[in-house]
Amino acid sequence: MNRYSRRSFLKDAVKLSICTPLIPAGLKFGDKFQINSEENIMTVNGMVKASDLGFTLSHEHILVDFIGAEHYDPRRWKHEVVIKAVKPYLDEIKEFGCKSFVECTPEYIGRDPELLKKLSDLTGMLFLTNTGFYGAADNKYMPGKAYDMDTGSLAELWIGESESGINGSGIKPGFMKIGVAPGPLSELHQKIVKAAGQTHLETGLSIASHTGPAIPAFEEITLLQSLGIDPEAFIWVHAQNEKDPNQRLKAAKMGAWVSIDGLNPENADQYVNWLQDFKKHDLLHKVLVSHDAGWYSPGEEGGGSFTPYTAIFKDLVPKLKTNGFTSMEINQLFTVNPGKAFAKKVRKV
Ligand SMILES: [Zn+2]
């Protein structure tokens with residue numbers, strides 16, 4: 001999550017209908033334009049077909065607590081208070097046709113699977129939660145034990161959450177969320193990436209990594225490849241923070257998922273340009289777009305200021321349509337790509 005993405009939005013209620021076109025006849029099974037009907041995704045309410053995900057926001061937050069791992073305490077918030085504050089924003093995107101919500105808040109920053117399950121039950125939307133440790137922000141959100149644990153024990157912890165559920169809740173993660181610093185990978189962050197790789201090979205969970213610039217992104221991809229893992233297991237989170245657009249294209253060509261996830265009403269034109277570039281290079285099938293918005297902040301009055309999850313519906317999709325993007329291409333970005341990126345399957349080189 002990026003603190004600077006918070007801002008208030010115009011609340012003009014332009015309703016859009018997002019159509020889900022049929023897949024044209026003749027496309028092969030496993031084709032890049034469609035979800036594999038045999039693949040599944042783990043939600044906080046259990047396994048669903050990847051094709052059940054529907055229109056998906058692939059990187060958002062419900063609750064974030066920036067207090068740091070040292071003082072982290074889930075008793076700092078109450079579910080009923082958070083639900084009251086957050087649910088109207090979910091109702092709003094549901095009206096736009098949004099069906100699924102990938103909650104990217106890692107453990108020790110506010111990951112709360114039981115809260116997500118309650119929200120899922122109340123809204124009927126599908127929620128994905130995660131496992132992993134977040135090393136970005138100078139390791140402020142890394143628990144002390146992460147320094148002592150070796151790669152194997154970290155992987156064992158995350159595999160355990162995937163197989164038996166998180167902290168006794170029985171709720172299983174739908175992906176991994178890790179985080180690394182914006183420069184070359186430190187030894188500690190290499191360990192986190194390797195542990196994520198080992199976890200992937202056991203569980204098939206995809207690895208979404210808060211990364212930003214290209215330097216650590218390609219180091220992560222290379223490290224995963226050295227473990228025999230295909231780049232398509234990797235989601236390059238906050239790829240919009242890389243200055244050179246060619247680096248994003250290069251990662252997409254390698255098969256990695258490129259997540260441009262800082263959309264807001266003010267930068268929607270920039271996102272249209274980037275997406276046109278991906279389209280020109282026939283790489284639209286490797287891009288994820290989201291807002292990195294939300295969220296309830298414990299310790300702030302009323303949960304602090306909240307950024308709605310609506311710029312995709314109110315700003316980006318209308319602009320894509322006027323710039324010649326077809327319903328099929330919009331469906332690719334928000335339905336097919338998340339359904340493929342978060343499918344629980346081992347991706348070997
Ligand atoms: Zn985020």
Side-chain angles (χ1 to χ4, degrees), residues 18-24 26-43 47-60 97-104 125-130 162 172-177 196-197 199-201 203-209 217 220-221 224-225 229-237 239 248-249 251-261 275 278-279 281-290 312 320 325-349:
I18 307 294
C19 73
T20 308
L22 294 167
I23 302 299
L27 285 183
K28 288 195 298 286
F29 183 73
D31 191 283
K32 66 186 182 185
F33 298 115
Q34 65 181 2
I35 293 167
N36 185 329
S37 60
E38 289 179 4
E39 288 176 2
N40 298 306
I41 287 176
M42 183 58 77
T43 75
M47 198 83 104
V48 299
K49 289 272 173 212
S51 52
D52 289 339
L53 220 52
F55 197 107
T56 300
L57 294 182
S58 53
H59 186 117
E60 309 293 345
C98 183
K99 209 176 157 207
S100 297
F101 189 106
V102 180
E103 216 281 343
C104 285
M125 290 173 67
L126 301 174
F127 283 78
L128 274 66
T129 189
N130 62 84
S162 175
K172 295 174 180 174
F175 64 107
M176 272 177 270
K177 175 73 188 292
T199 305
H200 174 76
L201 289 171
T203 64
L205 292 178
S206 294
I207 305 162
S209 179
E220 290 174 278
I221 290 170
L224 293 171
Q225 284 175 317
I229 299 166
D230 192 282
E232 71 166 306
F234 180 75
I235 302 170
W236 175 5
V237 172
R248 286 189 285 273
L249 296 173
K253 272 184 204 139
M254 292 169 80
W257 296 98
V258 177
S259 175
I260 47 174
D261 46 41
L275 290 168
F278 280 108
K279 183 176 163 178
H281 289 86
D282 191 23
L283 290 167
L284 222 46
H285 63 290
K286 295 308 308 183
V287 189
L288 298 168
V289 184
S290 212
I312 283 176
L320 288 174
F325 280 73
T326 64
S327 297
M328 182 74 85
E329 287 162 341
I330 293 167
N331 184 63
Q332 175 90 43
L333 286 170
F334 297 104
T335 300
V336 177
N337 290 353
K340 292 172 92 71
F342 293 97
K344 196 170 184 299
K345 78 169 177 180
V346 177
R347 294 138 168 110
K348 286 190 181 158
V349 175

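Atom set for the values below is all heavy atoms of this structure, side chains included, hydrogens, waters and symmetry mates excluded. Small disclaimer: the values here were computed from a predicted structure and weren't measured.
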message: Keeping T56 on the side-chain end and G54 on the backbone end, is there a donor-acceptor pair under 3.5 Å?
response: yes

According to salt bridge (charged side-chain N to carboxylate O under 4.0 Å, His left out), who are the partners of [X], at least two apart in sequence or on a separate chain?
X	result
K344	none
D52	none
K279	E329

Sub-4.5 Å side-chain heavy-atom contact between [X] and [Y]:
X	Y	value
T335	L53	no
I260	L275	yes
F33	V336	no
V102	H59	no
M47	I41	no
S290	E60	yes
S58	F342	yes
V237	C104	no

field: Partners passing ring-ring contact (aromatic ring centres under 6.0 Å, His included) against F101 (at least two apart in sequence or in another chain)
entry: F127, Y309

Which residues pass the side-chain hydrogen bond (donor to acceptor under 3.5 Å, both in side chains) test with [X], not counting sequence neighbours?
X	answer
Q332	N337
S209	T211, E220
S259	D261
K99	none

Pairwise distance [atom1]([X]) to [atom2]([Y]) - rounded to 0.5 angstrom:
X	Y	atom1	atom2	value
L57	S100	CG	OG	9.0 Å
R248	H281	CZ	NE2	12.5 Å
N40	K345	CG	NZ	11.5 Å
E103	L128	CD	CG	10.0 Å
E39	K340	CD	NZ	6.5 Å

With sequence neighbours left out, what residues match [X] under side-chain contact (heavy atoms from CB on, under 4.5 Å)?
X	answer
S206	I235, R347
A252	V258, F278, L283, K286
L201	I229, V346, K348

Please find the pair of heavy atoms, one from [X] and one from [Y], that lie closest to each other, and give the distance.
X	Y	answer
L333	L284	CD2-O, 3.9 Å
F175	L205	N-CD2, 3.8 Å
P231	Q225	CG-NE2, 3.5 Å
F234	L224	CD1-CD1, 3.7 Å
L288	W257	CD1-CB, 4.2 Å
S162	K172	O-CD, 3.3 Å

task: Look at D282 together with K32 and state whether they make a salt bridge at an N to O cut-off of under 4.0 Å.
output: yes

message: Could you go through S37 and K49, starting from their C-alpha distance and side-chain angles, then the distance that decides it, and tell me whether this counts as side chain to side chain contact (heavy atoms under 4.5 Å, CB included)?
response: CA-CA 7 Å; S37 60; K49 289 272 173 212; 6.0 Å; no

message: Is there a side chain to side chain contact (heavy atoms under 4.5 Å, CB included) between M176 and T199? Walk through the geometry before answering.
response: CA-CA 9 Å; M176 272 177 270; T199 305; 3.7 Å; yes

